[in-house]
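Here the structure is laid out as structure tokens; the discussion comes afterwards.
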Protein chains: 2
Amino acid sequence: MPDDEEACREVRQILGLIGDKWTVLVIGCLRDRTLRFGELHRAVDGISQRMLTRTLRQLERDGLLTRTVHPSVPPRVEYTLTELGATLLDSLTYLADWAATHRRQIAAHRRHYDASLLE
Amino acid sequence: MPDDEEACREVRQILGLIGDKWTVLVIGCLRDRTLRFGELHRAVDGISQRMLTRTLRQLERDGLLTRTVHPSVPPRVEYTLTELGATLLDSLTYLADWAATHRRQIAAHRRHYDASLLE
DNA sequence: CAGAATCCAAGGTGATACTG
DNA sequence: CAGTATCACCTTGGATTCTG
């Protein structure tokens, strides 16, 4: 790897894309199937209509998913992960593995740190 | 992989740790050497003293780095990545690779999307 | 159904000044 | 040198209401 600082900026850039509160949850829900707006709204627990709309628009803008409007009444809008989005989801797997492996360790260290502040 | 939603929450958890504006930059600077506070301040371009302090404290709390105070005048405080922090940095490499590979594609799609809104 | 628009609260961030 | 304290801003996100 030639340049560490460059790698950091690369990571920072994607964190700007997916580092918010909802993006990865939305992407995850679309892993293996197309979903409608309302389905996503129910699938992503706790998300507001506003945030779902914003998140989807941003993901569409970045080319991570496609938005398909079926001109009918009532309207039917479907969201599907692009290949690009799928590859991102794949590389996120490594992060998920890391988290699964070290979650308890982090939590324990955090408790220990907090407790040490009370002495 | 047994549970997609569980994996999403795992990822979300780490994004809560590193998804902010400065954390990965700080971790990256500590990749292969111990640094003092002032050195980090100069290394991470644009960070304020306040944000550097906060970031370092959080990383220490999570066990990703250690803070060593040398009782001297003037004070000398050194920050070193823990093994845990190093493993996180490793798994971030996959994200960096993904970003490096697809950065142009994303930027191009974004320009195309923005242009299509002006029709 | 799938949103757009508006208002508002809360937290993250930066600039500055001060301290052991 | 390595912070802490204070203030002020700005973005993020939630609740609510309205529309084609």
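In the text below, chain A, chain B and the rest are named by the order of the sequence lines, each starting its count at 1.
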Whole-Å distance separating the [atom1] atom of [X] from the [atom2] atom of [N]:
X      : N       : atom1 : atom2 : result
H41(B) : dT4(D)  : NE2   : P     : 14 Å
I47(A) : dA15(D) : CD1   : P     : 12 Å
R50(A) : dC8(C)  : CZ    : P     : 14 Å
L52(B) : dT13(C) : CG    : C1'   : 14 Å
L35(B) : dA2(D)  : CG    : P     : 11 Å
R76(B) : dG3(D)  : CZ    : C1'   : 16 Å
E39(B) : dC1(D)  : CD    : P     : 11 Å
Q58(B) : dG11(C) : CD    : C1'   : 13 Å

(message) Please confirm whether the shortest side-chain N or O distance from R54(B) to OP1 or OP2 of dA2(D) is below 4.0 Å.
(response) no

(message) Between K21(B) and dG14(C), is there a contact of a side-chain N or O with OP1 or OP2 at under 4.0 Å?
(response) yes

Of all the nucleotides listed ([options]), which has the minimum atom distance to the side chain of [X]?
X      : options                   : answer
R67(A) : dA2(C), dG14(C), dG20(C)  : dA2(C)
D20(B) : dG14(D), dA2(C), dT13(C)  : dT13(C)
Q49(A) : dA4(C), dC7(D), dT6(C)    : dA4(C)
M51(B) : dT17(D), dT13(C), dG14(D) : dT13(C)
R36(B) : dT13(C), dA2(D), dG14(D)  : dA2(D)
F37(B) : dA2(D), dT13(C), dG14(D)  : dA2(D)

Spacing of [atom1] belonging to [X] relative to [atom2] belonging to [Y], to within rounding of 0.5 Å:
X       : Y      : atom1 : atom2 : value
L17(B)  : L59(B) : CG    : CG    : 8.5 Å
H102(B) : E10(A) : NE2   : CD    : 11.5 Å
L40(A)  : L30(A) : CG    : CG    : 5.0 Å

(request) Assign the ring pair Y94(A) / Y94(B) to parallel, tilted or perpendicular, where the plane angle (0 to 90°) is split at 30° and 60°. (result) parallel

(message) Using heavy-atom distances to pick each residue's nearest nucleotide on DNA chain D, tell me which of P75(A) and S48(A) is more 5'.
(response) S48(A)

(request) Pick out which of T87(B), L81(B), L88(B) makes a side chain to side chain contact (heavy atoms under 4.5 Å, CB included) with L84(B). (result) T87(B)

(message) By nearest heavy atom, map R57(A) and P74(A) onto DNA chain C; which one lands nearer the 5' end?
(response) P74(A)

